[in-house]
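In what follows, chains carry the letters A, B, and so on, assigned in the order in which the sequence lines appear, proteins first and then strands, with residues in each chain numbered from 1.
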2 protein chains.
Amino acid sequence: MGTTQAANGTVAATAPEPKYWHLRTVLVRALDSEFNTGEVLPNERDLSARFGVARATLRQALDQLELEGRLVRRRGIGTLVAAPRMGVPVSEAAEGWPGTGRDSWRIVDAQSLPAPAAVCAALGVPADEPVHTVRRLRMMHGQAIGAETLYVPDAVVPHVPAIFAKSSIADSSRARSVLRQLQRLELDGESRSVELGVAEEEQARLLDRPPGTPVLVLTTRYQAQGGIAAVAVSTYRADMCRLTFGASGIVDVTPAADPAEVRTAS
Amino acid sequence: MGTTQAANGTVAATAPEPKYWHLRTVLVRALDSEFNTGEVLPNERDLSARFGVARATLRQALDQLELEGRLVRRRGIGTLVAAPRMGVPVSEAAEGWPGTGRDSWRIVDAQSLPAPAAVCAALGVPADEPVHTVRRLRMMHGQAIGAETLYVPDAVVPHVPAIFAKSSIADSSRARSVLRQLQRLELDGESRSVELGVAEEEQARLLDRPPGTPVLVLTTRYQAQGGIAAVAVSTYRADMCRLTFGASGIVDVTPAADPAEVRTAS
DNA sequence: CAGTGGTCTAGACCACCAT
DNA sequence: TGGTGGTCTAGACCACTGA
């Protein structure tokens with residue numbers, strides 16, 4: 001019962017370990033030793049019966065494992081053992097100006113819109129001034145693993161056709177124009193930050209996940225012309241990604257394996 | 001009811017938004033407009049009654065907000081509005097060899113132990129060879145926000161007193177000796193990666209949080225002497241931290257404010 | 001002690017997928 | 001159509017905090 005009763009009958013003063021945490025531990029061991037990537041676990045009702053707990057309690061344990069990227073749950077299908085997370089390079093060498101390196105990005109669209117207040121402050125533009133807002137997806141192994149919104153003030157890319165500037169019509173050719181102009185600028189440096197977030201409706205849709213999905217939010221400030229010329233806010237699926245920074249010559253500590261099995265499937 | 005009924009009476013084919021997600025949206029708006037950092041929300045039973053949902057459903061919404069770092073829940077106390085996350089520098093300039101910059105670290109202990117298999121592989125040592133294992137806490141505003149385990153092979157720090165080498169006795173003077181030796185080495189570069197994890201018992205205890213707490217796992221590979229000389233695995237509290245990389249001259253996009261209010265308060 | 005969040009239960013219904 | 005995970009409920013008890 002996850003109880004605190006010691007063998008001799010005295011009450012231990014330690015910590016009454018929650019059932020769901022104990023369950024998680026048991027499942028971790030099982031996953032490590034008895035299951036392979038892509039295998040289907042018994043369904044939740046069977047599992048909860050087998051462990052003698054309520055389904056809600058079992059689900060609490062599965063929630064943890066999913067947060068850790070060890071499980072993938074698919075409605076109507078079952079609970080699968082996830083492949084190890086992929087390493088996603090976000091280092092200088094791999095990117096430079098967004099889209100420089102031969103990364104796999106898929107442009108969604110672009111329009112001219114007022115940016116969030118925090119972004120405007122960083123860019124040094126008035127809070128209500130429209131800026132080029134480019135949205136694109138980071139693809140890996142044929143999967144959308146991240147969604148990025150790039151904010152670029154008009155003044156930074158003056159040669160973008162006038163038809164596009166100030167227009168709020170979503171268009172992907174505008175996106176290409178903005179990115180081309182950006183790449184001509186000399187980049188002084190970048191600074192990045194990472195934090196945990198949850199996907200709101202918009203991002204969730206782009207990543208093909210339900211709202212509330214945990215994501216790693218990567219904010220990049222591109223420095224050029226003596227100031228911050230652009231800001232990118234990228235949300236990466238926390239279940240699938242390990243963001244890698246710095247010297248690109250080095251590879252991972254975590255086991256390589258071949259990703260894109262469970263994750264890619266269907 | 002978070003229903004999908006359209007105004008004209010037809011059934012919309014869109015998505016039946018879950019109650020807990022709708023609740024979260026409502027609460028986010030309330031937090032943004034009507035609450036200040038440190039304020040106490042009504043208790044869960046009142047809130048769930050007020051919104052006409054079961055307590056479990058309300059808790060699902062609060063779980064999301066806690067994951068986003070907007071709320072702090074304290075058993076026996078209540079649910080408080082959290083301060084904005086702190087920016088935690090993990091850039092080259094701020095660190096170099098661990099402990100170089102005037103960061104606030106608190107040494108816990110050190111011993112000689114076999115490292116995890118993945119770490120051994122990166123260091124290029126046999127899986128069962130003991131390495132110096134230094135544990136320390138990253139402090140900020142008087143709070144432990146991260147716990148780090150640093151792995152250093154004997155060969156990299158040959159001048160560490162022989163009493164320490166190969167000894168598995170936990171000791172903080174050994175830690176200082178290892179760190180001193182490390183800082184004398186010329187550092188060629190570093191590579192880092194960040195992913196989402198949950199705190200196991202050990203880390204959870206160090207961070208004064210319950211097991212299962214979401215953390216950002218930062219893995220750093222220090223390159224020196226033509227190879228990887230040391231590996232550090234740091235776990236930062238995801239609710240409190242935004243990890244910042246790169247050029248240290250630049251500050252945050254996200255609002256500064258004064259952290260260390262709710263978070264610091266006992 | 002009373003009040004708070006944390007855990008757990010047993011059951012219900014829904015949305016989705018394969019067949 | 002039957003099986004899966006996703007949502008939601010109403011209620012119970014526990015662990016911790018502060019007065």
Practice task
Return the value, rounded to whole Å, for the distance between atom CG of B:L80 and atom P of D:dG18.
Solution key: 11 Å
Practice task
Give the C-alpha distance, both sets of side-chain angles, the deciding distance and a yes or no for side chain to side chain contact (heavy atoms under 4.5 Å, CB included) between A:E201 and B:E17.
Solution key: CA-CA 10 Å; A:E201 283 79 1; B:E17 185 187 49; 3.8 Å; yes
Fill in the blank from the handout: Heavy atoms of A:Q111 and A:R174 approach each other most closely as CA-NE, 3.4 Å
Exercise for the section: Hey, which sits more toward the 5' end of DNA chain C by its nearest nucleotide, A:G52 or A:G76? Expected result: A:G52
Practice task
Can you tell me the distance, in whole Å, between the CD atom of A:E17 and the C1' atom of C:dG6?
Solution key: 15 Å
Practice task
Go through C:dG5, C:dC8, D:dT9 for me and flag the one nearest to the A:Y20 side chain.
Solution key: C:dC8
Handout entry: Separation of D:dT7 P from B:L58 CG (nearest whole Å)
Key = 16 Å
Practice task
Measure from the side chain of B:A54, starting at C-beta and using heavy atoms only, and say which of C:dG6, C:dC8, D:dA10 lies closest.
Solution key: D:dA10
Handout entry: N/O (side chain, A:T57) to phosphate O (OP1/OP2, C:dT7) under 4.0 Å
Key = no
Problem - A:P18 side chain, from C-beta outward: closest of C:dG5, C:dC8, D:dT9 - result: C:dC8
Completion exercise
Picking from D:dT9, C:dC8, C:dG5, the nucleotide nearest the side-chain atoms of B:K19 would be D:dT9
Exercise for the section: Check if the side chain of A:R55 and the base of D:dG6 share a donor-acceptor pair of N or O atoms closer than 3.5 Å. Expected result: yes
Exercise for the section: Could you walk me through whether B:D32 and B:R70 pass salt bridge (Lys or Arg N to Asp or Glu O under 4.0 Å), step by step? Expected result: CA-CA 10 Å; B:D32 284 336; B:R70 312 257 339 216; 2.7 Å; yes
Practice task
Kindly check if the number of other-residue, nucleotide or ligand heavy atoms within 6.0 Å of CG (A:D208) is above 12?
Solution key: no
Fill in the blank from the handout: Per atom distances to the A:R45 side chain, the nearest of C:dT9, D:dC8, C:dC13 is C:dC13
Completion exercise
From CZ of A:R75 across to P of C:dC16 the rounded distance in Å is 5 Å
Handout entry: From D:dG6, C:dC8, D:dT9, nucleotide with atom closest to A:R73 side chain
Key = D:dG6
Problem - Candidate nucleotides D:dG6, C:dG6, D:dC8, ranked by approach to the side chain of B:E44 - the nearest - result: C:dG6
Handout entry: Atom pair distance, as rounded to whole Å: CG in B:D63 and C1' in C:dG6
Key = 10 Å
Fill in the blank from the handout: B:L47 atom CG is separated from C:dT4 atom P, nearest whole Å, by 11 Å
Fill in the blank from the handout: Of the candidates D:dT9, C:dT9, C:dA12, the side chain of A:A56 sits closest to C:dT9
Exercise for the section: Ignoring the backbone of A:T79, work out which of D:dT7, D:dA12, D:dG5 is nearest its side chain. Expected result: D:dG5
Completion exercise
B:R74 atom CZ is separated from D:dG18 atom P, nearest whole Å, by 9 Å
Fill in the blank from the handout: Taken to the nearest whole Å, CD1/B:I77 to P/D:dT17 is 7 Å
Handout entry: Minimum-distance nucleotide to A:N43 side chain [options: C:dC8, D:dT4, D:dG6]
Key = D:dT4
Problem - salt bridge (Lys or Arg N to Asp or Glu O under 4.0 Å) between B:D63 and B:R24, intermediate numbers included - result: CA-CA 9 Å; B:D63 285 345; B:R24 171 197 166 273; over 6 Å; no
Fill in the blank from the handout: From the list A:R136, A:E202, A:Q203, side-chain contact (heavy atoms from CB on, under 4.5 Å) with A:T149 holds only for A:Q203
Practice task
Look at the side-chain N and O atoms of B:R59 and state whether any lies under 4.0 Å from the OP1 or OP2 oxygen of C:dG6.
Solution key: yes
